[in-house]
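Here's the structure, in structure tokens; my notes come after.
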There are 2 protein chains.
Amino acid sequence: MTRPHKRGNCLHRADLARATGCNLETIRYYEKIGVMPAPPRSANGYRCYDEAHVARLSFVMRARDLGFSLEEVRSLLALVDGGMQSCAEVEALARDHLEDVRERIADLRRIEAVLAETVSRCSGRDVPECAVIDALAADSTRNAQPIRPGPKK
Amino acid sequence: MTRPHKRGNCLHRADLARATGCNLETIRYYEKIGVMPAPPRSANGYRCYDEAHVARLSFVMRARDLGFSLEEVRSLLALVDGGMQSCAEVEALARDHLEDVRERIADLRRIEAVLAETVSRCSGRDVPECAVIDALAADSTRNAQPIRPGPKK
DNA sequence: CTTGAGCCTGTACCGCCTACAGACCTTAGG
DNA sequence: CCTAAGGTCTGTAGGCGGTACAGGCTCAAG
């Protein structure tokens with residue numbers, strides 16, 4: 001055994017971190033913002049976690065992996081904790097999030113297209129003309145107003 | 001004319017904001033972090049911008065729209081400012097960024113697939129069983145270690 | 001006894017802004 | 001001339017989602 005500190009069947013912070021793959025400090029952070037409950041403490045003041053905490057933090061981590069914001073995670077947890085009369089609410093939350101994800105994908109694909117097209121026009125030679133710079137410098141596609149638009153009340 | 005304040009042919013912060021679509025406060029922020037140069041001031045202490053500032057900030061905004069980080073923007077600007085002997089360096093930067101964008105898309109598509117599949121299994125009825133919750137609670141796919149892995153090292 | 005690991009707390013920092021407080025200046029209207 | 005409205009200035013706080021470090025305990029092993 002390399003493990004120090006006797007523990008009365010309780011998991012310390014590092015154990016919880018290892019069990020869930022969560023960063024050590026993040027556990028404390030989640031406690032501070034109320035995503036994880038403040039666990040009981042053992043006599044020395046150490047946090048004392050159990051399997052329920054492992055399950056909850058794993059839940060949180062999986063939700064985060066799927067891109068749910070902490071606010072969304074909080075909502076999910078509230079629905080789970082609240083006896084969960086309704087799968088429908090959870091589903092709505094997940095569908096909203098799915099919509100967000102799809103929008104982000106669409107945004108990135110637009111960016112990808114512009115970027116790929118631009119890069120493809122690069123000569124690759126060491127000359128002062130640069131397609132990328134030109135594309136960025138060209139006053140096209142951006143949504144700016146003309147300067148001093150005249151009497152605009 | 002609705003515009004207050006006489007200006008000796010100089011653009012004030014709000015003018016620059018309007019001309020570029022940039023947020024007013026962000027201009028000050030970009031100056032603070034060195035992405036925009038500190039402009040000359042007129043007698044009253046107001047920042048005094050010109051067309052060159054409009055061009056530069058537009059450049060920055062377009063790069064940001066394409067998802068370049070401010071650090072990357074700084075590099076692009078340095079290459080532009082440095083006489084630009086080499087389009088190759090700019091191209092490399094843009095290609096790297098394109099790679100990043102593609103990876104982010106791939107990540108999001110994986111998330112989308114899981115989310116869509118999970119949501120599709122929802123009953124939609126007001127019942128305690130919920131495919132989303134089950135999926136999040138199931139101790140599958142995440143990269144955690146077993147608790148107390150015994151003598152390790 | 002000393003060393004080292006692990007834990008505790010609080011706080012600062014990261015990127016990228018955004019917003020507000022409190023002061024000053026300018027201009028138009030009465 | 002005075003006032004009100006709006007622009008500008010500065011510094012600083014907040015927000016997301018953490019991450020990291022300093023300074024101080026406790027604990028177990030050598």
(message) Please determine whether salt bridge (Lys or Arg N to Asp or Glu O under 4.0 Å) holds for the pair D81(A) and R56(A), giving the CA-CA distance in whole Å, both sets of side-chain angles, and the decisive distance to 0.1 Å.
(response) CA-CA 11 Å; D81(A) 293 346; R56(A) 194 181 188 84; 2.8 Å; yes
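- As rounded to whole Å, 15 Å separates atom C1' of dA20(D) from atom CD1 of I27(A).
- DNA chain C is contacted by both A43(B) and S69(B); S69(B) maps to the nucleotide lying nearer its 5′ end (nearest heavy atom per residue).
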(request) Please lay out, stage by stage, how R110(A) and V114(A) fare under the test side-chain contact (heavy atoms from CB on, under 4.5 Å). (result) CA-CA 6 Å; R110(A) 253 174 276 122; V114(A) 174; 5.8 Å; no
(request) Check step by step if side-chain hydrogen bond (donor to acceptor under 3.5 Å, both in side chains) holds for D50(B) and H53(B). (result) CA-CA 5 Å; D50(B) 61 22; H53(B) 293 99; 3.0 Å; yes
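- Axis orientation changes by 30° from one end of the helix from dC1(C)-dG30(D) to dG30(C)-dC1(D) to the other, with each end axis drawn from 5 pairs and the value rounded to 10°.
- Between T26(A) and dG17(D), a side-chain N or O to OP1/OP2 separation shorter than 4.0 Å is absent.
- More than 12 non-hydrogen atoms from other residues, nucleotides or ligands lie less than 6.0 angstrom from CZ of R41(A).
- Following rounding to the nearest Å, N23(B) (CG) and dG15(C) (P) show an atom-to-atom distance of 19 Å.
- The hydrophobic clustering, which links ILVMFWY residues whose side-chain heavy atoms are closer than 4.5 Å, places Y49(A) and I33(A) together.
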(request) Quick one: do E112(B) and R109(B) satisfy salt bridge (Lys or Arg N to Asp or Glu O under 4.0 Å)? Show the steps, please. (result) CA-CA 5 Å; E112(B) 186 206 357; R109(B) 310 244 297 166; 5.1 Å; no
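- Between L24(B) atom CG and dG7(D) atom P there is a gap of 10 Å when expressed in whole angstrom units.
- Residue E31(A) contributes atom CD, which lies 16 Å from atom P of dT19(D) at whole-angstrom precision.
- The separation between D15(A) atom CG and dC7(C) atom C1' is 12 Å, rounded to whole Å.
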(message) Return a single string for nucleotides 8-13 of chain C, one symbol per nucleotide in 5' to 3' order, where B is base contact, S is sugar-phosphate-only contact and - is none, cutoff 4.0 angstrom on heavy atoms.
(response) SBBB--
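- When the side chain to side chain donor-acceptor pair (under 3.5 Å) test is applied to E31(B), the partners found at least two apart in sequence or on another chain are R47(B).
- A straight line from CD1 of I33(B) to C1' of dT18(C) spans 14 Å, rounded to a whole angstrom.
- One interatomic measurement links the two molecules: NE2 of H12(A) to P of dT26(D), which rounds to 15 Å at whole-angstrom precision.
- Going from atom OH of Y49(A) over to atom P of dG6(C) covers 16 Å, rounded to whole Å.
- Under a 3.5 Å cut-off, the side chain of D15(B) and the backbone N or O of H12(B) do form a donor-acceptor pair.
- A salt bridge links E117(A) with R121(A): at least one charged nitrogen is closer than 4.0 Å to a carboxylate oxygen.
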